[in-house]
Amino acid sequence: MPELPEVEHARRCLERWLAGATVTRAFSGALVGQRVLEVSRRGKWLRLTLSEGARVFSHLGMTGRWLRRRPQEPRERWERGRLDAGGESARFVDPRRFGRLLARRRDVKAWEALGPDPLVDGLETHALARALAARRRTVKEALLDQRVVAGVGNILATEALWSARIDPRARTDRLSARQVAALARGLRAAIAHGLAQHAGDAPSYVQDAGGDNPFRVYGRAGEPCPRCRATLVRIVLGARGTTFCPRCQPRSTR
DNA sequence: AACGGAACCTGAAAGC
DNA sequence: TGCTTTCAGGTTCCGT
């Protein structure tokens with residue numbers, strides 16, 4: 001499910017629960033007895049660094065989440081692994097099983113292959129322009145490539161393109177410098193907005209009961225565009241749903 | 001190397 | 001109500 005903001009929230013939670021404490025029980029026996037030094041994140045990957053050189057990598061996939069439990073509490077439904085330390089018990093739960101939970105002694109390839117992370121490295125307009133210009137595909141699809149900007153998923157891409165008034169089908173090599181600058185601003189804003197949704201120990205997601213859709217266009221096909229009132233349209237791009245406004249995200253800018 | 005599409009899973013929501 | 005279809009915020013693999 002999650003994109004950069006949800007994963008960053010998970011990172012902060014895990015850090016709060018586990019950092020500084022010694023692992024007493026874990027999905028991998030090799031981790032027991034080591035102290036949790038830090039919890040870092042790049043894109044949608046989480047990495048826990050332990051004192052004797054072990055590393056835990058976690059990707060939430062579509063439906064993964066980390067829950068805070070007491071060590072004596074029973075196994076969760078769909079629990080795929082746990083990490084107990086300092087009286088806390090973090091449970092990795094993932095119904096759809098697209099997520100990952102790995103114990104390694106070195107960085108995994110997927111982690112090393114990630115492009116710049118907007119929070120860790122900053123999102124630089126020139127770097128974004130270079131990465132996009134090197135590709136020949138639609139902007140929307142390029143934004144989902146984790147080598148372009150780490151952590152962008154379908155929601156952030158959809159929201160940022162709407163912000164920047166760019167048609168998701170526009171080719172990466174045809175974007176103007178102004179459009180790329182607007183896109184970078186749109187991504188930063190969407191990330192900040194996403195981060196602001198999260199507080200406390202529990203992850204929150206769009207589909208959670210009673211929750212309103214907090215996004216401007218994502219999941220709002222058929223509704224009026226919040227900017228120009230034209231009807232938002234849903235198309236499929238790279239096998240994923242994409243919502244946009246055909247009036248204020250025009251194919252051509254001039 | 002890069003692209004487009006299918007595959008991997010399961011649950012929830014919508015459609016009939 | 002119950003069965004069927006569609007959709008889901010992610011990555012990876014495969015053929016071109």
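Here the shortest heavy-atom pairing between A/R91 and A/E76 reads NH1-N, 4.2 Å.
Across the protein-nucleic acid pair, A/F215 atom CZ and C/dA8 atom P stand 14 Å apart, rounded to whole Å. Rounded to whole Å, the distance from NZ on A/K140 to C1' on C/dG10 is 12 Å. Put simply, CD1 on A/I155 is 14 Å from C1' on C/dC7, counting in whole angstrom units. Following rounding to the nearest Å, A/E6 (CD) and C/dA8 (P) show an atom-to-atom distance of 16 Å. As rounded to whole Å, 11 Å separates atom P of B/dC3 from atom CG of A/L132. As a whole-Å value, the separation of A/L60 CG from C/dA8 C1' is 15 Å.
Comparing atom distances between the A/E3 side chain and each of C/dG10, B/dT10, C/dC7 picks out C/dG10 as nearest.
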Test log, rule side chain to side chain contact (heavy atoms under 4.5 Å, CB included), inputs A/R47 and A/F57:
CA-CA 5 Å; A/R47 183 184 68 182; A/F57 288 89; 3.5 Å; yes
From CA spacing to verdict: salt bridge (charged side-chain N to carboxylate O under 4.0 Å, His left out), A/R11, A/E8:
CA-CA 5 Å; A/R11 187 197 70 75; A/E8 174 61 17; 3.1 Å; yes
What verdict does the side chain to side chain contact (heavy atoms under 4.5 Å, CB included) test give for A/L143 and A/L183, after you've listed the backbone C-alpha separation in whole Å, the side-chain angles of each residue and the deciding distance to 0.1 Å?
CA-CA 10 Å; A/L143 285 174; A/L183 186 53; 4.1 Å; yes
Could you write nucleotides 11-16 of chain C as a row of B, S and -, 5' to 3', where a protein heavy atom under 4.0 Å of any base atom gives B, of only sugar-phosphate atoms gives S, and otherwise -?
B-----
In B/S/- notation (B base, S sugar-phosphate only, - none; protein heavy atoms under 4.0 Å), nucleotides 4-9 of chain B written 5' to 3' is S---BB
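In DNA chain B, runs of at least 3 consecutive Watson-Crick or G-U pairs, each pair with both distances below 3.5 Å, span B:2-8 with C:10-16, B:10-16 with C:2-8.
Side-chain atoms of A/R41 and A/L119, non-hydrogen and from C-beta on, do get closer than 4.5 Å to each other. Counting heavy atoms from C-beta outward, A/F92 and A/L60 have side chains that approach closer than 4.5 Å.
No chain of hydrophobic side-chain contacts below 4.5 Å, direct or via other Ile, Leu, Val, Met, Phe, Trp or Tyr residues, connects A/F215 to A/L187.
Nucleotides C/dT4 and B/dC9, compared at atom P, are 22 Å apart to the nearest Å.
At a cut-off of 3.5 Å, with distance as the only test, no side-chain donor of A/R240 or A/T242 sits close to an acceptor on the other residue. With hydrogens and angles left out, the side-chain atoms of A/T63 and A/W78 include no donor and acceptor closer than 3.5 Å.
Using a distance-only test at 3.5 Å, with no hydrogens or angles considered, a donor-acceptor pair links the side chain of A/R227 to the main chain of A/W162.
The pair A/R42-A/D121 meets the salt-bridge criterion, with a side-chain N (NZ, NE, NH1 or NH2) lying under 4.0 Å from an Asp/Glu carboxylate O.
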